[in-house]
Protein chains: 2
Amino acid sequence: MAQDASRRQPTLDEVAELAGVSRSVASRALNNAPHVSRVKREAVERAVQRLGYVPNPTARALATRQTGAAALVIAGEDPSIFADPFFAQVIVGASAALEEADLHLMLCLAASDRGRKRVEELLRSKGADGVMLMALREGDPLARTAQEAEIPVVFGGRPVGPAPRWYVDVDNVGGARGATEHLLCLGRTRVAVICGRLDTEAGRARYRGYRDAMLAAGLDPFPPREGDFTEPSGAAAMTALLAEHPGVEGVFAANDNMAAGALRALREAGRSVPADVAVIGFDDLAIARIADPPLTTVHQPIAALGLEMARMLVALVGGQDPTPLILPTRLVTRASA
Amino acid sequence: MAQDASRRQPTLDEVAELAGVSRSVASRALNNAPHVSRVKREAVERAVQRLGYVPNPTARALATRQTGAAALVIAGEDPSIFADPFFAQVIVGASAALEEADLHLMLCLAASDRGRKRVEELLRSKGADGVMLMALREGDPLARTAQEAEIPVVFGGRPVGPAPRWYVDVDNVGGARGATEHLLCLGRTRVAVICGRLDTEAGRARYRGYRDAMLAAGLDPFPPREGDFTEPSGAAAMTALLAEHPGVEGVFAANDNMAAGALRALREAGRSVPADVAVIGFDDLAIARIADPPLTTVHQPIAALGLEMARMLVALVGGQDPTPLILPTRLVTRASA
DNA sequence: GAGAGATCTGGAAGCGCTTCCAGTCGGGGA
DNA sequence: TCCCCGACTGGAAGCGCTTCCAGATCTCTC
């Protein structure tokens with residue numbers, strides 16, 4: 001039954017009164033805790049129905065010292081980073097896991113100064129039961145702040161530097177190595193790389209994977225040619241690459257966006273893919289399938305990344321001590337290589 | 001100064017004590033409310049510094065009856081809808097506006113049953129100060145629940161049916177009409193449409209815009225050929241279209257994803273774009289620029305949509321009564337038409 | 001020099017819920 | 001028959017902050 005809109009929301013006291021029990025019993029009945037007789041439990045149940053009672057989450061939070069929310073913080077230097085469809089998938093995964101634990105998802109875009117301030121305050125004031133932190137760049141002070149905060153923190157992708165206590169990451173090195181090896185197996189030897197931001201661990205790790213594979217094959221790795229994980233930066237890098245090394249036969253790009261950019265640059269330069277130049281990306285986002293030609297790429301389980309981060313956080317909040325996780329990647333071969 | 005990690009967080013009482021004032025004064029000083037002498041204000045300030053005090057948001061929320069958070073609810077039937085980069089941009093905009101008002105963003109993917117239940121509970125328990133609601137399909141019960149809840153609700157895109165009291169939308173009809181007219185101006189007369197889900201207002205409105213333009217030009221509009229706003233559905237629709245109407249010269253797709261799919265289907269069918277068939281999309285997402293050929297499309301201000309929704313919500317929470325908003329669209333011509 | 005304000009101050013009453021704890025009530029075993 | 005134990009119960013003390021209100025203090029002005 002809907003309540004009279006003008007009236008205040010009913011409180012637990014009113015429920016208890018209507019049910020003819022004490023507030024304690026009503027509370028226990030509501031949380032179906034023990035020590036409530038069947039009779040009273042049902043009386044409370046009825047009163048709740050009659051009154052249309054819904055517990056006040058804030059009051060509950062204050063009493064239990066649990067906010068019922070987990071925050072997902074996207075660092076990075078400007079908010080447009082969030083436009084990367086990568087994060088949407090992380091959110092889908094995280095959301096599913098949090099839903100299971102009945103936690104709400106608080107999303108914090110910590111790009112602006114103001115945004116960062118708010119995240120710091122969130123950490124210090126324990127405005128959430130736990131925090132997931134992603135897209136940190138090297139030297140980002142948030143990494144320290146977060147680890148010093150007395151609140152569970154899970155990193156999504158390791159930050160540059162010493163690994164934090166709890167994180168979920170994907171096997172960037174292995175994925176990049178596999179991609180490069182695939183290019184080499186195709187018989188290409190002049191295999192170049194368009195790497196991502198080298199102030200992120202993902203950018204570095206993927207370059208390491210490329211370099212490892214080249215060295216293992218007895219080839220000289222190209223020096224890092226840095227993009228910023230966006231399509232235009234990939235196109236620009238490819239164009240520059242062609243100018244310097246016209247004979248390039250294969251390219252490993254550190255993500256699909258940049259690979260798509262490379263594809264565009266190659267098309268504009270009149271090179272055919274994969275005949276002249278084979279291209280491999282990383283991520284396996286929608287764009288890889290849509291690209292022309294469809295992109296061979298390193299698939300990483302992005303939603304699973306979010307899911308596992310959230311699960312780890314839930315475990316942490318529950319007082320457990322989970323171990324870091326590294327998720328596997330696998331090569332998905334399509335037409336571009 | 002960081003506090004001894006073992007100790008509880010300092011409370012306002014401790015601040016007050018250290019500053020030698022009452023809790024009321026300390027509270028007022030903190031919120032820089034009036035009625036606090038300069039001396040005491042500074043004493044409180046010092047005590048806060050010394051203790052590393054941070055107010056407890058939950059307690060504050062309980063006392064003020066304001067949660068300090070706004071929820072963004074993405075309805076839709078399965079969580080994958082969120083993979084559409086559209087939402088990421090909405091979030092960027094909304095986040096900026098909420099940041100200004102110092103509200104946190106709670107993101108609710110209300111696709112699963114569990115998710116919907118939680119949103120309903122959020123609404124009924126006033127777990128947030130306000131709610132933004134998007135991606136509703138026809139007959140979605142959430143629309144009613146939300147409007148009945150005694151909590152500010154702003155709709156992002158009108159739902160099918162009577163317009164709610166507060167919403168922000170874009171000019172779907174006008175945008176679609178403009179796109180279709182552009183196709184007609186190009187001298188194409190056999191202009192078909194791939195429309196979006198017709199159980200959404202956006203899907204319907206864009207079809208209406210197309211139809212209006214065709215009728216105004218004295219042409220027979222094609223009957224609605226429905227996709228679901230995804231790339232594959234666009235490709236499938238295009239393929240079917242070609243089979244039925246091999247002479248088609250132009251296609252208006254209700255969003256960029258489907259337009260990209262159409263492009264792919266046309267390429268696979270050996271038709272050249274725009275020479276044989278001109279294609280126009282809607283949204284102006286990244287994919288439009290990346291597509292081959294780059295997509296002529298109806299630009300809609302997505303981040304602004306999010307921004308305005310959040311602003312409207314903030315106004316509503318602040319006790320004002322803002323008026324609904326319809327944002328303009330404009331045609332962006334690229335190579336595909 | 002006194003009274004009227006204006007400005008401060010701190011006590012106390014909440015906000016709505018959880019949870020400890022002391023006490024009640026039956027019932028089964030000795 | 002009596003005692004002890006386990007299952008219930010409700011009173012009361014918080015959780016940490018805001019805010020009303022009555023009273024104290026301090027300026028001015030006449």
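So that the names make sense, note that chain A is the first sequence line, chain B the second, and so on, each numbered from 1. Hydrogens, waters and symmetry mates are skipped; everything else that's a heavy atom, side chains included, is used.
- Looking at A:Leu18 and A:Arg46, their side chains never come closer than 4.5 Å, going by heavy atoms from C-beta outward.
- D:dG10 atom P lies 13 Å from atom CG of A:Leu12, rounded to whole Å.
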In the 5'-to-3' direction, what one-character label does each nucleotide of nucleotides 5-10 of chain C receive under the scheme B = base within less than 4.0 Å of a protein heavy atom, S = sugar-phosphate only, - = no such atom? ---BBB
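- In this structure, the side chain of A:Asp169 does not engage the main chain of A:Ile326 through any donor-acceptor pair within 3.5 Å.
- In terms of modelled atom types and a separation under 3.5 Å, the side chain of A:Glu45 and the main chain of A:Ala29 share no donor-acceptor contact.
- Relative to the side chain of A:Ser27, the nucleotides C:dT18, D:dC17, D:dC15 differ in distance, and C:dT18 lies closest.
- B:Asn56 has no side-chain polar atom (N or O) that falls below the 4.0 Å cut-off from OP1 or OP2 of D:dC15.
- No donor-acceptor pair under 3.5 Å is formed between the side chain of B:Arg60 and the backbone N or O of B:Pro55.
- Rounded to an integer number of Å, the gap from A:Asp13 CG to C:dG14 C1' is 12 Å.
- One N or O on the side chain of B:Asp140 and one on the backbone of B:Leu142 form a donor-acceptor pair closer than 3.5 Å.
- Backbone-only engagement by A:Thr64 is indicated by non-hydrogen atom pairs under 4.0 Å involving sugar-phosphate atoms exclusively.
- Judged by distance alone, with hydrogens and angles left aside, the side-chain atoms of B:Arg118 form no donor-acceptor pair with the main-chain N or O of B:Ala110 at under 3.5 Å.
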